[in-house]
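The structure under discussion appears below in the form of C-alpha cells.
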Protein chains: 2
Amino acid sequence: MSDALPALRDHLAPVEDLKAAAAVLAWDQETFMPDGGAEARAQQLSTLQSQAHEQFVTDETGELLDRAAEATADADPLDDGAALVRVTRRDYERARKVPSSLVAELSQATSEAKQAWKRARTEDDFSIFAPHLEELVDLSVEKAEAIGYDDEPYDALLEEFEPGLTTADVASTFESLREPLVPLVDAIADAPQLDDDLLRRSYPQSTQKAFGEQVLADLGYDFDRGRQDVSAHPFTTSFAHSDVRITTRYDEEFLPTAFFSMIHEGGHALYEQGIDPALARTPLAGGASLGMHESQSRFWENHVGRSRPFWHHHFPQLQEAFPNALGDASLDAFYRAINRVEPSLIRVEADEATYNLHVMLRFELERGLIDGTVSVNDLPERWNAAMDDYLGVVPNTDADGVLQDVHWSMASFGYFPTYTLGTLTAAQLTEALRDDMDLDARLADGDFAPILDWLRTHVHRHGRKLTAPQLLERVTGQELSADAWLRYAENKFGALYNLN
Amino acid sequence: MSDALPALRDHLAPVEDLKAAAAVLAWDQETFMPDGGAEARAQQLSTLQSQAHEQFVTDETGELLDRAAEATADADPLDDGAALVRVTRRDYERARKVPSSLVAELSQATSEAKQAWKRARTEDDFSIFAPHLEELVDLSVEKAEAIGYDDEPYDALLEEFEPGLTTADVASTFESLREPLVPLVDAIADAPQLDDDLLRRSYPQSTQKAFGEQVLADLGYDFDRGRQDVSAHPFTTSFAHSDVRITTRYDEEFLPTAFFSMIHEGGHALYEQGIDPALARTPLAGGASLGMHESQSRFWENHVGRSRPFWHHHFPQLQEAFPNALGDASLDAFYRAINRVEPSLIRVEADEATYNLHVMLRFELERGLIDGTVSVNDLPERWNAAMDDYLGVVPNTDADGVLQDVHWSMASFGYFPTYTLGTLTAAQLTEALRDDMDLDARLADGDFAPILDWLRTHVHRHGRKLTAPQLLERVTGQELSADAWLRYAENKFGALYNLN
C-alpha cells in the first residue's frame, strides 16, 4: 500500500482544523462575543484564514497531490481517495491562481466596502457605496482573469460557489423560470389575497423556541451534535459533522420569522450532520455547492414545512403550544396564511413564489457589472426598473432597493444565483423522492426518518465528492431545470389562489 | 529607528492570535459545545497549540530576538520593547529546551492519565491512576532535567508558573506560614462554631445572577469587554484585554458557591482587562505569574468580598434581592456566616483559613514525588497522614483524598503552591494599598473606583513586564512573606472566634 493518501490526509487535516477554528470564532462573534472583542477577533480570524490559505497553497500540497493521484489512478470516481485528490486539486489550482497581493487587496477593499455599505444604507445614499463597489468589480474581474474562464469572467466567480456550472447554464435556466413565473405572480397579485392575520398574534419567544426545537429534533437534527442560539441573521455553521450549529431570531408578533428560519437552517444542518464521518478533516467534508446546500434548506422549509400534510400532523401540537393565538384557528386558515404570496421589496422577507424574482434580478445585474454592460452608477435605476418589471413594485429608497443586501460589499459575485438554484434543485429532488415513497403520507404521520434516510443516502453522505450537477444527474437522471419547481408552484398556488 | 522591534512584534502577533483562538475553542468546550463535538475539538485544539508552539520556537524567533535585543540594549527595564525582548527570550529558551518528542510524550501521557484519573476517582481506586502518575512523574523529571535548574528539579517545573521563584523560597515561606497556622486552625476548631444556616436557604439562580453581575459591574468589570456564563468549574479566560470572560456555577441552596466564585473570577478578569492595551498580541499580555493572578482574585474575594465594610454597603441590597431568605437576618450574622472556618476534606470547598493547609500538603507531596523522596504508591497513606496532622480530619476514601484534584493527571507539578502564593501576595498588596487609602471607608461607601485604579496602576497595566517577585518588591518594598496574611488572619479570625 502506498502511503501517498495518508500523507495527503495528514497534510490537509491541520488546514481543516484551522478553518474549523475560524468557524468557531466567527460563530462566537455573531452569538456571544461582547462588543469590545470585535477588533481583536478580526485579527484572530485574519490570522487563522491566512495561515490556512498559506499552508494549503504550498508546493508540498501539490507534490502530495501528484503522488496521491498516482496511487488512486485506477479507483472509482466515488472512491474516497480518488475524490479527495480530484476535489482538493480543483481547490488547490484555483487557490494558486489568485496572487496573494490580489487576495490582500480584495480583503482590504471588502473590509472598507462593508463599512461604506453600512453607512450608505443608514443614510440612504448610494453614492457613498458606489466607488467602493466599482473597486470591488474591478478587483473581481482581475480575479476572474487570473483564474481563467471559457466564455465570460462571471464563470470564474460562479465556479467558487457552483463548481461545474456555467453562467450560460444559469442564465438559460433562469430564463425558462422567469417566463412563466412573472405571469404566475401577476395572476396571484390579481386574485383575492390570502389572510395571514392569525400569524401576527402574540407568540412568546420561549414557546416558539421549545416548539421549534421539538420539530427540529423530530426531523432528525441531532442536538447532541449541535445547538441553536440567537443571532441578528440566522445561519448554519459546521465545526465537524459532530458539531453543526444553527442560529435563529425571534419576532414575538410574527410566528413565521423564527419557525421557518429554524427549519431552513435545520435543513442546512441536516446536510452537514449527514456527511460521511470518513470524510472528516478533509476538503470533502462539506456540501457539494451552495445551491445543493440551499436545496436541503428549501426542501425542509417549503416542501415539508409549508405543506398541508406536515401541518395535518403538527397543527394540533402548535395549537396546544399557543392556545391563545391559535385556539380558534383552522388548519386550512393556517395553511393559507403561511403560503400567502405578495410582491414586496425585501428579498429576505419575500415569499416562496416571488423570492426567485428577487434573485434573478440580482443575477442579471451582477453579471452585467462583471461583463461591463452594467455600470455601477446606473445600478439604482436598473434595479428599480427590474423590480417594476418582475414584481410590479418599486422601492422609494435605495436602502430598500439596491442597498438592501450585504453580498456585493463582500465581493460575493456569483453567490446570489445559488439561492434559486437551490429552490429548483429542491423541487427536482422532491420529485425523485416522491418516486420512491409516499411523501405526503410520511409527513401526515410525522414520520420523518425515511425522508431523512433518503436524503442521507442520495445526497448528504457524499459531501463534496460529486459536483452539484453530477449529484443531481445521479439522483434524478436530469440536468438542472426549472420544470419541476414550476409544476410544484403552479399546482400549489393555483389551488391556493383558485387560478384556473 | 531600527525596525527590529516592529519585526519581532509582527512575528509574534500571529502566534498570540493562535493561542487566543485556542482559548476561544477551550471556552466554548466548557460552556456551550454539544457533547458530540468533543473529539473534533480535541484535534482542533491540538493543531492550534502545536502550530503556535512550532511557529514560536523557530530559529527566526531567535534571530529577531537577537536583533531586537541590540535595539533595546540601553532601554529602561520597564520599557515595552526591552521587556518584550526579555520576557519573550525567557519563554523562547524554555520552549526550545524541551524536545518535541518529550512534548508529544507528555501530551499523550496526560491525555491517558486524565481518563484514568476520572475512572479511579469514580471507582475510588487509586491503583487505576498510580501507573499513569508514575509515568507523568518520570516524564516531568525528564522535562526538568532538559530545562535545567540550580538546586532541585522541582525548580524547573515551578518556574513555568512562577518565574523568579525557587522551590526553597516557597518551602521556607510555607514553613513560616504553617507553624502559626496549624495552631490557629486548631484554636478555631476548639472555639464555639459560627452558624451559617442562613446561607443554606432558597436562593433562586436568576436573582443570584442579577445580584452578582451588578456587583461585578460595580467593582469595575466591564461587560462590554466580557461576559459571564455557566460551566462545571468556574474559570476566567482572556482572548484580548477587550474580551475577558468568566464562568460560574450556581447552587440554589448555598449562596456563597456562585457569589464568591463570581468575584474571585472577577478579580482574575479585572487583572486581564487592566493590562496596557499597548501590550496586546505580545507575550507580555498576561499576568506576571499564576500567584500574582491569584492575588487579584483573592483580594476581591476575601479582602473585599468577605469583609465587614463591603457588606455594610451591600447587605441591604442583598436583603432586598432575597427578602425571603434574608429578610430577618442581621449584617453581623451574615458576616459571621460567610467567614465560618471548619477543617474539611475538599480543597475547593475549603474556607479562607484552612485552604492554605490543603495547598501546603499538596506542595510537599509533589515536591517529594519529583525529588524521589515520595513514591506514588505511598501517596494515599502520606496524604491521609498529612490531613490528620494539618487539619485533624482524614478522608474515608481516596476519592475524597488523594484523587480529588485534576492537577496531577495533567502533570501540572508546580501549580498548587501558586494558590497560597496568591493568598499571601494579596495580603501584602492589601497592606500597601491601605497605606495609600482608607480601604474600609471606600468599601463601606461602595466606592470601588479608587481601589481598582490603585491595582491598575501598580499591578495590572504591567502585564508580564515584571516577574511576580519584581512587581511585589516594586509595590510593597518587600519580598514574598507570610507575615501580612498571618496578621490579617489572626486579627480577623481572632475577633470572629474570640480567640484571646
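If you're wondering where the values come from, they're calculated on a predicted model, not measured in any experiment. Order of the sequence lines sets the chain letters (A, B, ...), proteins ahead of strands, with each chain counted from 1.
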Donor-acceptor table for chain A and chain B, threshold 3.5 Å:
| residue | atom | partner | partner atom | Å |
| --- | --- | --- | --- | --- |
| Asp17(A) | OD2 | Thr47(B) | OG1 | 2.5 |
| Asp28(A) | OD1 | Arg245(B) | NH1 | 2.8 |
| Asp28(A) | OD2 | Arg245(B) | NH2 | 2.8 |
| Phe32(A) | O | Arg227(B) | NH1 | 3.1 |
| Gly36(A) | N | Asp224(B) | O | 2.7 |
| Gly36(A) | O | Ser242(B) | OG | 3.4 |
| Gly37(A) | N | Ser242(B) | O | 3.4 |
| Gln44(A) | NE2 | Phe239(B) | O | 2.8 |
| Thr47(A) | OG1 | Asp17(B) | OD2 | 2.5 |
| Gln51(A) | OE1 | Gln55(B) | NE2 | 2.8 |
| Gln51(A) | NE2 | Gln55(B) | OE1 | 3.0 |
| Gln55(A) | OE1 | Gln51(B) | NE2 | 3.0 |
| Gln55(A) | NE2 | Gln51(B) | OE1 | 2.8 |
| Asp224(A) | O | Gly36(B) | N | 2.7 |
| Arg227(A) | NH1 | Phe32(B) | O | 3.1 |
| Phe239(A) | O | Gln44(B) | NE2 | 2.9 |
| Ser242(A) | O | Gly37(B) | N | 3.4 |
| Ser242(A) | OG | Gly36(B) | O | 3.4 |
| Arg245(A) | NH1 | Asp28(B) | OD1 | 2.8 |
| Arg245(A) | NH2 | Asp28(B) | OD2 | 2.8 |

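Looking at Phe223(A), the atoms closer than 4.5 Å to chain B (heavy atoms on both sides) all sit in the backbone: N, CA, C or O.
Across all non-hydrogen atoms, the minimal contact from Ala40(B) to Ala240(A) is CB-CB, 3.5 Å.
Contact tally against chain B (heavy-atom pairs below 4.5 Å) for Leu18(A), Val244(A), Leu45(A): the top residue is Leu18(A).
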